[in-house]
There are 4 protein chains.
Amino acid sequence: MGTPHSPRSDTRARIIEVSLELFSEQGYEQTSLREIADRLGVTKAALYYHFKTKDDIVLGIVERMAAPIDEIIAWGREQKTWSPEMRDEMIRRYADGMAERAPLLRFFHENQPALRESPAGLAFRERVITMMQLVHGPEAEFRDRLRATMALFTAHTAFFLLKQDTVDGGDVVNVWGEKVPHAELDEALEAAREVALEISGRITGHPARDTD
Amino acid sequence: MGTPHSPRSDTRARIIEVSLELFSEQGYEQTSLREIADRLGVTKAALYYHFKTKDDIVLGIVERMAAPIDEIIAWGREQKTWSPEMRDEMIRRYADGMAERAPLLRFFHENQPALRESPAGLAFRERVITMMQLVHGPEAEFRDRLRATMALFTAHTAFFLLKQDTVDGGDVVNVWGEKVPHAELDEALEAAREVALEISGRITGHPARDTD
Amino acid sequence: MGTPHSPRSDTRARIIEVSLELFSEQGYEQTSLREIADRLGVTKAALYYHFKTKDDIVLGIVERMAAPIDEIIAWGREQKTWSPEMRDEMIRRYADGMAERAPLLRFFHENQPALRESPAGLAFRERVITMMQLVHGPEAEFRDRLRATMALFTAHTAFFLLKQDTVDGGDVVNVWGEKVPHAELDEALEAAREVALEISGRITGHPARDTD
Amino acid sequence: MGTPHSPRSDTRARIIEVSLELFSEQGYEQTSLREIADRLGVTKAALYYHFKTKDDIVLGIVERMAAPIDEIIAWGREQKTWSPEMRDEMIRRYADGMAERAPLLRFFHENQPALRESPAGLAFRERVITMMQLVHGPEAEFRDRLRATMALFTAHTAFFLLKQDTVDGGDVVNVWGEKVPHAELDEALEAAREVALEISGRITGHPARDTD
DNA sequence: GATGAATGAGAATTCATTCAT
DNA sequence: GATGAATGAATTCTCATTCAT
């Protein structure tokens, strides 16, 4: 014990991976279980061995993918009092590693109607709200809450503006239809962090009070 | 006689109204034509008398509802050269009247996967892109384009944060689950305009050049 | 009176014309009333002013188009006794004027399942049977009945083999995909008559007996 | 054990069987998937487990049923040069076993409009054309091509003239409404072969040349 | 002589889900 | 761990037909 001595079924992991990929690209409703199964080279029934329902797959996605966000939240909670420095550090940590987080965020962002009622949707929404509360601090007024929201959104919006629609092999095309050299991607992430901090920088907050 | 002959059947208009309502509340995929027909007290086939396809209803929605946005675009185009004043005026006009525009924006915002390929989706996306270009001006760099995007998003995000999920009769509940007195709504819109202008205020642009 | 002094509605006639055209090209089931109405520049409801049902249009077609066949039948009945000469004259008369008759025959030939039960279908089938009986004469045995059938079929089969699928403007394309110069059409009709007579020529019949 | 394991589910085969039966009796358009499913005692969805589309069922029919025709074609191709003997042997082989082939031929013969564009229709039409080409030999003139067509048609026309519409229990009724004793059926097939050979016998062809 | 608006019935198809093996 | 076969419920859409105007 201690050592994971058998790989067991990595199918579960692959289902999660592929599902997120497809859900994020085409949408939750637009992706059928057959499609997921086909891409994995298994049958639909196999999916049901690992997950009770389609929605349950989403729950699996959240569980496996939300860890980095939970870490940010955990860090935020550790800081006993809210401060502008902590606020900006939250934003920075969120903006960093956006590249890996993007599919998950895109998925939840663009599939609100399908997920609104689902346990997975609720689980995720809760995290987002917590993040925002930590950014704007306790008892914030509407203006600050809005700023916190927009600062966080900015990070992935930047990413979607450069969303990767591969056109004729590997080219990144932005939302305006222009081709984007790969170099710009880093530049964009840099810009995202900057603009997000601009927005969060206006948050006044109540530094004196507790985070919770 | 004397009175202008009333439109023989306003069914078409009512279909558009009800559809937008349902699409915006529940999502495009989650709303079936049966539901729309039922709420209107007609049969599904009646919908097909007025619209060739479900997607065609969305096109109808865009045509009837996008007029105010087209007006803003038209105004923007009239200004022959880009300037910070014009930039902010665009934002102000967009933020005003957000209350009526909200369902349309929410609908497009939350149903991207379903509309991405559709004619209606393209028609709308085009408008959004044009709006953004007018806000950030010609030949803008990524940072400014991102700011323009976020400034516009801020307007309706503010609205969604206060989205009206009637719980137990008529109460407005915000995204954090708090009940919101109606008074706050105006306050929120005011805040939205302010924060949006904060963001757009950072756009440098190239004032010398033409808008197009 | 006596002179047709007002054209009245020629719409009825045009419906019949266009319907036969479409039914013959695409099939009865494959042709919707909307299609017919559209091509005529009227509404579906207008069709119902002139005909009680879709099937009634077919009846109209038969009534207006079957006259030449009725003439052949009438001629056949006038000949009090069956004879090889009369047999061949029937075939010749049938083969002549095939060009105009073709759409009607094609229509009935290719839409059997749809017309089997319909009054129009029965009305037409009756004529065909009568024609065949006149060709093979009374109390014929199966072999002769089969020959009569094939002789008559030959006439329009020849036509279908050269059926007019206009490819890139006016070219006639036969069933083997070859382009056919217009000259060949007359040649084909000539061949049809010849082969049909070859087949009917084998019919022995019972010359002594009455036609009926 | 010992016995070859029986095919797990013969549903696919039964779908093909029943579909051909119904398509041939009532026509392709006139037969709904519900009807097929009902007669099989399964649900419509079960059909979709085995076939992607209604048209795909037809493809299945062709694949399973066209084998005997393919064999005749294969035999024809083996004969390196065309000859009157080969021509007549083709006809004989085609006429034999007409009893089993009849539903398939009737189906394609009477449902041309529905199948014209479909893959299954094309697959079948191709076979028919190949058959005809083998019968009339290479570079035939129109007259001979027409004769080949009619000779082949004769075989199943004979069958349809005696088509089995069971009226009041089991009686065979021909196209003229007469009851037909079962004995006549063999007689009819014999007649069909004879008349078909009469027609093909007139084909001159170009014996010197290759079949292809 | 015709239209605009609507309907009822039914069609093909899709999909998440189940279960015996 | 997974499959093959099947289901039930729904969905979009089409079509002939009706009828008040």
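Convention: sequence-line order gives letters A, B, ...; per-chain numbering from 1. Just the heavy atoms: all of them, side chains too, but no hydrogens, waters or symmetry mates, feed the values below.
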Nearest-Å distance, CG (Asp55(C)) to P (dT17(F))?
8 Å

Mate of dA10(F) where both pairing distances stay under 3.5 Å, Watson-Crick or G-U:
dT13(E)

Is the distance from OP1 or OP2 of dA2(E) to the nearest side-chain N or O of Thr11(C) less than 4.0 Å?
yes

Any side-chain to backbone donor/acceptor pair from Arg14(B) onto Leu40(B)? Under 3.5 Å, distance only.
yes

May I ask you to verify if any side-chain N or O of Thr43(A) is less than 4.0 angstrom from the OP1 or OP2 atom of dA2(F)?
no

If you compare every side-chain N and O of Thr53(D) against the phosphate oxygens of dT13(E) (OP1, OP2), does one of them come in below 4.0 Å?
yes

Under the salt bridge (Lys or Arg N to Asp or Glu O under 4.0 Å) criterion, do Arg12(D) and Glu17(D) qualify, and how do the steps go?
CA-CA 9 Å; Arg12(D) 204 191 129 94; Glu17(D) 230 173 274; over 6 Å; no

Run the side chain to side chain contact (heavy atoms under 4.5 Å, CB included) check on Asn111(B) and Phe23(B) step by step: do they pass?
CA-CA 9 Å; Asn111(B) 289 277; Phe23(B) 288 163; 5.6 Å; no

Options dT3(E), dA12(E), dT7(E), nucleotide nearest the side-chain atoms of Ala45(B):
dT7(E)

When rounded to whole Å, the CD1 to C1' distance for the pair Ile57(B) and dT12(F) reads 11 Å

Any side-chain N or O of His50(B) below 4.0 angstrom from OP1/OP2 of dA6(E)?
yes

Are any of Tyr49(B)'s side-chain N or O atoms less than 4.0 Å away from OP1 or OP2 of dA5(E)?
yes

Please tell me which of Glu29(C) and Ala46(D) maps to the more 5' nucleotide of DNA chain F, matching each residue to the nucleotide holding its nearest heavy atom.
Ala46(D)

Gly41(D) vs Lys52(B), nearer the 5' end of DNA chain F by closest nucleotide
Gly41(D)

Whole-Å distance separating the OH atom of Tyr28(D) from the P atom of dA11(E)
13 Å

In whole Å, I'd like the distance from the CG atom of Asp56(B) to the P atom of dT12(F).
14 Å

Between dA11(E) atom P and Phe23(D) atom CZ, what is the distance in whole Å?
13 Å

Under 3.5 Å on both distances, the Watson-Crick or G-U partner of dA20(F)
dT3(E)

Applying side chain to side chain donor-acceptor pair (under 3.5 Å) between Thr31(C) and each of Arg39(C), Gln26(C), Lys54(C), report the one that passes.
Gln26(C)

Does OP1 or OP2 of dA12(E) have a side-chain N or O of Arg34(D) closer than 4.0 Å?
no

Atom CZ of Phe51(C) and atom C1' of dT18(F) are separated, to the nearest Å, by 18 Å

Which sits closer to the 5' end of DNA chain E, Arg12(C) or Thr31(A), going by the nucleotide each is nearest to?
Arg12(C)

Please report, rounded to the nearest Å, how far the C1' atom of dA6(E) is from the CZ atom of Arg14(B).
13 Å

Looking at Asp56(A) and Lys52(A), does any basic side-chain N land under 4.0 Å from a carboxylate oxygen?
no

Does the side chain of Tyr48(C) get closer than 4.0 angstrom to OP1 or OP2 of dT17(F) through an N or O atom?
yes

Would you kindly give the CG-to-P distance between Asp38(A) and dT14(E), to the nearest whole Å?
13 Å

Answer yes or no: side-chain N or O of Lys44(C) and base N or O of dT17(F) forming a donor-acceptor pair under 3.5 Å.
yes

Check the orientation of Tyr28(A) and Phe107(A). Use parallel for under 30°, tilted for 30 to 60°, and perpendicular for over 60°.
tilted

